[in-house]
There are 2 protein chains.
Amino acid sequence: MGRKRTKSGKIRLAEVAELAGVSPITASRFFRNPEALSVAKRTRVESAARELGYVPNLAARALASHRTEVIGVLIPSLTNNVFSDVLRGIYDASEGSRYSIQLSNTRYSILQEEKLLRLFLAQKPAGLIVTGIDQTAESRAMLEAADCPIVQIMEIGPNPVDMMIGFSHYDAARAAIAHLFAQGHRKIGFVGARMDPRVQRRLDGYVSAMKEAGLFDQRLVVTTATPTSVTLGGTLFTDLLGREPGIDAVFCANDDLALGVLFECRRREIAIPEQIALVGFNDLEFMAAAVPTLTSVRTNRYEMGSTAATMLIEAIDGRRPERTVLDLGFRVIERQSSAARRSDSKPGLTGAGAANKMIALPTGHD
Amino acid sequence: MGRKRTKSGKIRLAEVAELAGVSPITASRFFRNPEALSVAKRTRVESAARELGYVPNLAARALASHRTEVIGVLIPSLTNNVFSDVLRGIYDASEGSRYSIQLSNTRYSILQEEKLLRLFLAQKPAGLIVTGIDQTAESRAMLEAADCPIVQIMEIGPNPVDMMIGFSHYDAARAAIAHLFAQGHRKIGFVGARMDPRVQRRLDGYVSAMKEAGLFDQRLVVTTATPTSVTLGGTLFTDLLGREPGIDAVFCANDDLALGVLFECRRREIAIPEQIALVGFNDLEFMAAAVPTLTSVRTNRYEMGSTAATMLIEAIDGRRPERTVLDLGFRVIERQSSAARRSDSKPGLTGAGAANKMIALPTGHD
DNA sequence: AGGAACGTTGACAGCGCTACCAGCACCGAC
DNA sequence: GTCGGTGCTGGTAGCGCTGTCAACGTTCCT
């Protein structure tokens with residue numbers, strides 16, 4: 001029922017103005033800048049609008065003002081837990097503002113990103129949130145020519161297009177490896193999937209830390225371009241074991257992989273952390289619930305999204321934040337899976353109280 | 001750089017028309033219904049548009065045509081894996097169409113949903129996707145009065161507003177319990193969190209199956225309004241064990257809870273499935289990777305999203321699908337965690353080959 | 001007292017596009 | 001030959017709102 005399209009029938013600004021006894025333009029101002037009206041007219045317009053149930057026509061507003069109230073968001077994946085947290089932050093922060101979110105999925109393709117960017121920019125968005133710092137030259141040029149504020153999220157790097165909020169994946173990986181070193185682990189494997197730029201930088205951080213310690217060995221690194229999954233974690237770990245049976249720790253580029261490694265160890269009856277220590281990345285909720293609890297690098301995903309949206313909206317509204325590049329840092333959350341190496345290791349006795357302890361990091365920030 | 005707002009400077013339809021040597025209205029038709037033009041003009045307009053890099057102004061189009069090309073989507077959560085799969089389906093299916101997705105998060109509140117609905121409807125969306133069948137009376141009235149196609153997703157029920165796509169959570173839960181019965185389990189606990197309408201219907205299905213078998217006991221049911229999490233699965237399971245130490249199976253309202261139960265069992269050294277069988281819901285990816293592999297009820301989330309979007313777009317374009325109510329069904333994916341009960345249970349020997357087998361269901365559909 | 005400065009208001013003219021309807025050429029049918 | 005149909009094209013008139021600028025009354029300064 002009621003499926004057919006009908007004529008407008010909506011009440012317009014002019015009606016509100018008439019009822020309020022003011023000119024349309026004054027009514028218009030009420031909705032955009034109420035302070036500019038005298039108190040008397042303000043209340044008259046307000047009650048008239050309420051009485052009539054007036055809802056502004058955004059299309060007309062956009063047409064007349066040459067500006068939309070849309071924030072474009074480009075993210076590489078809709079599946080990934082990481083981005084759903086970021087997105088939630090973005091949506092939460094934009095709620096209540098007059099801006100609406102236009103989301104698009106680049107599927108980890110910078111060419112697709114370029115295409116979507118062109119599409120977005122053509123609609124003159126009020127602002128833009130893009131993921132990462134690895135745009136094509138063309139995308140980069142478009143972004144720099146865009147006449148709206150832009151926030152790059154997920155990581156920080158040199159030459160921001162405009163604003164930037166994230167953390168150093170490189171440093172975060174180094175901190176994870178430093179932690180494993182501190183616990184006495186030496187032969188540390190790396191397991192990574194999808195290998196998008198941020199995962200690549202985690203690998204770079206791992207490699208640099210291992211090289212500095214004189215422990216790097218290419219055979220310790222197992223990666224694939226395949227999208228990440230828990231199952232894949234087990235598969236890659238199996239590969240790693242095949243190449244280097246003597247590893248004493250594994251650093252996974254994300255928590256799903258770590259969970260897969262945990263299960264694979266259980267399957268193979270490899271004790272964590274006694275035989276092999278395990279560290280993940282992102283600190284998803286299940287890491288604290290696993291048995292043993294799993295060490296991970298906590299990243300501030302929700303905060304990243306909400307802060308990005310907040311900064312963007314402020315910039316759109318002409319109140320550019322003083323800090324335009326924000327490093328949200330990370331924390332290694334030490335849990336049982338990476339407990340200190342010892343000869344007479346007994347399960348469950350991992351340095352009483354150490355589990356779940358947060359440690360300040362050499363390279364970390366907050 | 002380039003942050004300031006500039007004047008338009010865009011090329012308009014009129015320019016394209018001029019270059020092509022046709023009237024603006026003819027050029028306009030080219031973009032909406034190319035077949036209506038003679039081949040000669042069609043190619044002229046096409047090349048003119050390409051040459052100038054013309055991009056239509058959607059605001060002007062919306063204003064003039066009294067119609068937007070926006071599909072509103074209302075979902076209860078951005079965090080939940082379940083909805084991210086559905087969303088991915090929606091975005092994938094809408095990609096390439098001229099419709100864009102406008103997403104809003106009701107946070108499991110039907111009052112919030114009503115508010116958002118009012119907001120959406122005021123913008124005259126081309127179509128609407130709403131979650132579930134439990135709207136407020138007010139929302140329901142608005143939906144019925146809306147002059148656009150609407151799809152209700154996630155579940156099916158009586159009195160669709162317009163179109164509907166989902167499955168019966170009640171039947172799915174019954175099928176899960178029937179499976180546990182078939183495996184010889186009797187004292188089956190229910191663990192549920194958040195208790196949104198769909199989880200409630202899973203509980204209803206559980207209750208009815210248990211009552212039919214004369215096995216229902218209120219103490220077997222542990223629920224909470226708290227949002228779901230893996231950790232919570234362990235907590236609720238602990239509650240359940242406290243009340244009913246003798247349970248021989250647990251049916252979890254979702255897979256995160258099931259994972260939490262798995263870990264808690266590991267912590268307590270309870271053997272799955274020998275001492276307690278475990279069944280989850282949704283069949284997230286990790287269920288097949290866990291040790292033991294975890295039985296779950298597979299739901300077609302991605303397909304639900306993509307089909308909903310496809311049906312909606314067809315209806316918008318005037319090609320209403322013949323079937324407007326679609327039951328996407330479910331499947332119980334039998335894995336190790338629910339293997340048949342036996343006296344001399346030995347770990348790992350759960351009926352060779354049964355793991356991962358898909359079974360057709362009494363009440364299930366495909 | 002004269003004038004500048006300010007706060008407030010309104011008239012006017014579009015923004016870029018499409019709905020609507022009219023017009024034209026051409027065809028076949030009566 | 002007149003009529004009505006069909007296929008294509010164009011003119012006109014807005015859609016509902018806001019940018020711009022002018023005008024008004026009031027206050028404050030010199």
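Here is how names work: the chains are called A, B, and so on, in the same order as the sequence lines, proteins then strands, and each is numbered from 1.
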Separation of atom [atom1] in [X] from atom [atom2] in [N], rounded to whole Å:
X        : N      : atom1 : atom2 : value
A:Gln123 : C:dC17 : CD    : P     : 10 Å
A:Glu18  : D:dC17 : CD    : P     : 14 Å
B:Leu58  : C:dC15 : CG    : P     : 18 Å
A:Arg44  : C:dT8  : CZ    : C1'   : 13 Å
A:Lys124 : C:dC17 : NZ    : P     : 13 Å
B:Glu69  : C:dG16 : CD    : C1'   : 14 Å
A:His66  : C:dC17 : NE2   : P     : 12 Å
B:Ile11  : C:dG16 : CD1   : C1'   : 11 Å

The side chain of [X] is closest to which nucleotide in this list: [options]?
X       : options                : result
A:Arg67 : C:dA11, D:dG19, C:dC17 : D:dG19
A:Ser28 : D:dT18, D:dG11, D:dG14 : D:dT18
B:Leu63 : D:dG10, C:dC15, D:dG16 : D:dG16
B:Asn57 : D:dT9, C:dA19, C:dC17  : C:dC17

Heavy-atom donor-acceptor pair, A:Arg42 side chain to A:Pro34 backbone, under 3.5 Å: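 Between the backbone of A:Pro34 and the side chain of A:Arg42 there is a qualifying donor-acceptor contact (under 3.5 Å).
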Check this for me, if you would: do [X] and [Y] make a salt bridge, where the nitrogen-to-carboxylate-oxygen distance has to be below 4.0 angstrom?
X        : Y        : value
B:Arg107 : A:Glu95  : yes
B:Glu69  : B:Arg61  : yes
A:Arg67  : A:Asp147 : no
A:Arg140 : A:Asp134 : no

Given DNA chain D, 5'-ward residue of the pair B:Leu37 and A:Ala64, judged by closest heavy atom: B:Leu37
Given that A:Val55 and B:Ala36 both sit by DNA chain D, which one's nearest nucleotide is further toward the 5' end?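 Between the two, 5'-proximity favours B:Ala36.
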Just to confirm, is there a sub-4.0 Å distance from OP1 or OP2 of [N] to any side-chain nitrogen or oxygen of [X]?
X       : N      : result
A:Lys41 : C:dG10 : yes
B:Tyr54 : C:dC17 : yes
A:Ser23 : C:dG10 : yes
A:Ser38 : C:dG7  : no

If you find the nucleotide of DNA chain C closest to B:Ala60 and the one closest to A:Thr26, which residue's nucleotide is nearer the 5' end? A:Thr26
For DNA chain C, whose closest nucleotide is more 5', that of A:Ile25 or that of B:Ala27?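 The residue closer to the strand's 5' end, by nearest nucleotide, is A:Ile25.
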What about A:Arg29, does its side chain sit under 3.5 Å from the base of C:dG10 through a donor-acceptor pair? yes
Given side chains that start at C-beta, do those of B:Thr310 and B:Glu314 come closer than 4.5 Å, heavy atoms only?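 Of all side-chain heavy-atom pairs linking B:Glu314 with B:Thr310, at least one is under 4.5 Å.
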Quick one: label A:Arg32 by what it contacts on the DNA or RNA (base, sugar-phosphate, nothing), any heavy atom closer than 4.0 Å.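 Since only primed, P, OP1 and OP2 atoms lie under 4.0 Å of A:Arg32, the category is sugar-phosphate.
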